[in-house]
Amino acid sequence: MKPFLVFSIITCTVLAGCVQQASNNNNADTTHTPAAPVKSKKPDFSGGPVIGERINGPANIRNAANGEVIFSLEDTTLVTCTEGDSGWYQVGLTADLSDDAGAFGTDTLHKGHDIIVDGKVVGKVLKDMPVNTGTNTKRTWAELVGYTYKNNLYPQTIVENVLPAYLDSVHDRSLKSMQPFISSFKLQKNDLLPFATYLNYESWIDDPSPLMRIQLVFFKEQLIGVVHSREMQLHHAANAPLERGFKVAFFDDTPKDIRKRFTDAFNTFIVGVD
């Protein structure tokens, strides 16, 4: 069975609750043309991992909170996303550009331009918009960034929403029990010995070299805490400060000496990172 399917089965109650919460929200972005609907059913990610925030669409993306619409994105499009502010999120994605000479260095995408990611059309530019471009040996791309209202993101694809409920749904905090979550969000293994950790990264919108966003911390294959850069509360855990604005939620049964060993190791590591 694919990791996402296992994850979906385990967390079906969690996802239903998230969708119901979105459906009950009366503060929708009423200026949509057309309105972006809130789905009543769990979205289909084609059997693949959640990875990160996905668009509940079709959705309008604006140049500012409640600003002008500059492009639109199709349902389940994967985006990077900053932390929400008054219900608005800044989102971004890198769209493929042609390999034609001059594509790299393009400073504007024009109205009507198809937004293509991995060969698939995922949206359309609705107003001439400035962009930054990049290139490497594999592809040339444009960075598209804008704002969208919270109802235009599936809440069950926001990792800070899912992790607390997922932990409540499993019988223990073993590495084996956490593997479906790790696979679904494609967390990367990055050990800080003697601790094993699995993490994803913050949005590149704010920082081209982002640090970790969520970091699961295991000691002897048991989850003892979670490092996080955004606000999050876990049951049976208390947040403690770390260097550079991070927090770690240690679970109540984590011994004090283990907490100190990890805190010291993390702080030493993070202060040395650019």
Side-chain angles (χ1 to χ4, degrees), residues 2-22 39 42-45 47-56 59 73 76-85 87-93 148-170 173 175 177-190 196-207 210-218 223-237 239 242 245-251 266:
K2 294 182 179 179
F4 174 71
L5 298 179
V6 174
F7 178 78
S8 298
I9 292 170
I10 293 174
T11 60
C12 60
T13 303
V14 175
L15 304 189
C18 289
V19 172
Q20 183 62 44
Q21 180 181 2
K39 305 296 182 182
K42 179 173 63 65
D44 176 15
F45 301 142
V50 175
I51 304 176
E53 289 87 354
R54 291 185 182 260
I55 290 293
N56 175 4
L73 293 174
T76 74
T77 298
L78 179 65
V79 294
T80 190
C81 185
T82 63
E83 193 165 11
D85 182 7
W88 289 89
Y89 290 81
Q90 194 174 21
V91 298
L93 76 166
T148 199
Y149 194 64
K150 60 184 178 182
N151 280 7
N152 291 340
L153 294 170
Y154 283 110
Q156 64 267 44
T157 65
I158 299 174
V159 67
E160 290 85 3
N161 288 350
V162 179
L163 179 57
Y166 181 86
L167 285 166
D168 289 345
S169 75
V170 294
R173 303 194 310 271
L175 179 58
S177 292
M178 296 303 299
Q179 279 295 349
F181 180 88
I182 291 168
S183 297
S184 189
F185 281 93
K186 293 192 72 173
L187 302 186
Q188 302 177 29
K189 194 169 190 292
N190 187 6
T197 80
Y198 295 81
L199 58 86
N200 63 3
Y201 291 94
E202 261 295 356
S203 165
W204 53 258
I205 296 172
D206 291 330
D207 188 344
L211 296 174
M212 65 281 294
R213 173 174 169 181
I214 290 287
Q215 184 176 28
L216 306 183
V217 182
F218 292 87
L223 183 66
I224 63 164
V226 180
V227 175
H228 52 101
S229 62
R230 305 187 186 188
E231 287 302 314
M232 185 179 65
Q233 296 293 329
L234 300 178
H235 294 151
H236 311 296
N239 285 321
L242 296 169
F246 288 96
K247 295 179 181 178
V248 56
F250 284 121
F251 293 97
F266 180 89

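Heavy-atom basis, side chains included; hydrogens, waters and symmetry copies ignored.
Expressed to the nearest 0.5 Å, how far CG of Asp168 lies from CG of Leu234 amounts to 8.5 Å. The distance from atom CG of Asn200 to atom CG of Leu187, rounded to the nearest 0.5 Å, is 5.5 Å.
For the side chain to side chain contact (heavy atoms under 4.5 Å, CB included) with Ile55, the qualifying choice from Leu153, Leu93, Leu78 is Leu153, the only one to do so. When each of Leu167, Val170, Leu175 is tested with Leu223 by the rule side chain to side chain contact (heavy atoms under 4.5 Å, CB included), just one qualifies, namely Leu167. Test Thr197, Val226, Val248 against Gln215 for side chain to side chain contact (heavy atoms under 4.5 Å, CB included) and you get one pass: Thr197.
Considering only residues two or more places apart in sequence or on other chains, Lys186 meets the side-chain hydrogen bond (donor to acceptor under 3.5 Å, both in side chains) condition with none of them. For Arg213, the salt bridge (charged side-chain N to carboxylate O under 4.0 Å, His left out) test picks out Glu53, Glu160, with sequence neighbours left out. Partners of Thr82 under the side chain to side chain contact (heavy atoms under 4.5 Å, CB included) rule, at least two apart in sequence or in another chain, are Gln90, Ser203, Ile205, Asp206.
The shortest heavy-atom contact between Ala249 and Ala237 is CB-CB, 4.2 Å.
No more than 12 heavy-atom neighbours from other residues, nucleotides or ligands sit within 6.0 angstrom of CG on Asp85.
The aromatic rings of Phe266 and Phe246 stand perpendicular to each other, their planes meeting at an angle above 60°, with 30° marking the opposite boundary.
Leu163 is listed as a side-chain neighbour of Leu216, based on a closest heavy-atom distance under 4.5 Å. Residues Gln233 and Asn239 form a side-chain contact, since some pair of their non-hydrogen atoms from C-beta on lies under 4.5 Å apart. Contact of the Thr157 side chain with the Asn56 side chain is not registered, since no non-hydrogen atoms from C-beta on lie closer than 4.5 Å.
Ring to ring, Phe181 and Tyr198 are not that close: their centroids are 6.0 angstrom or more apart.
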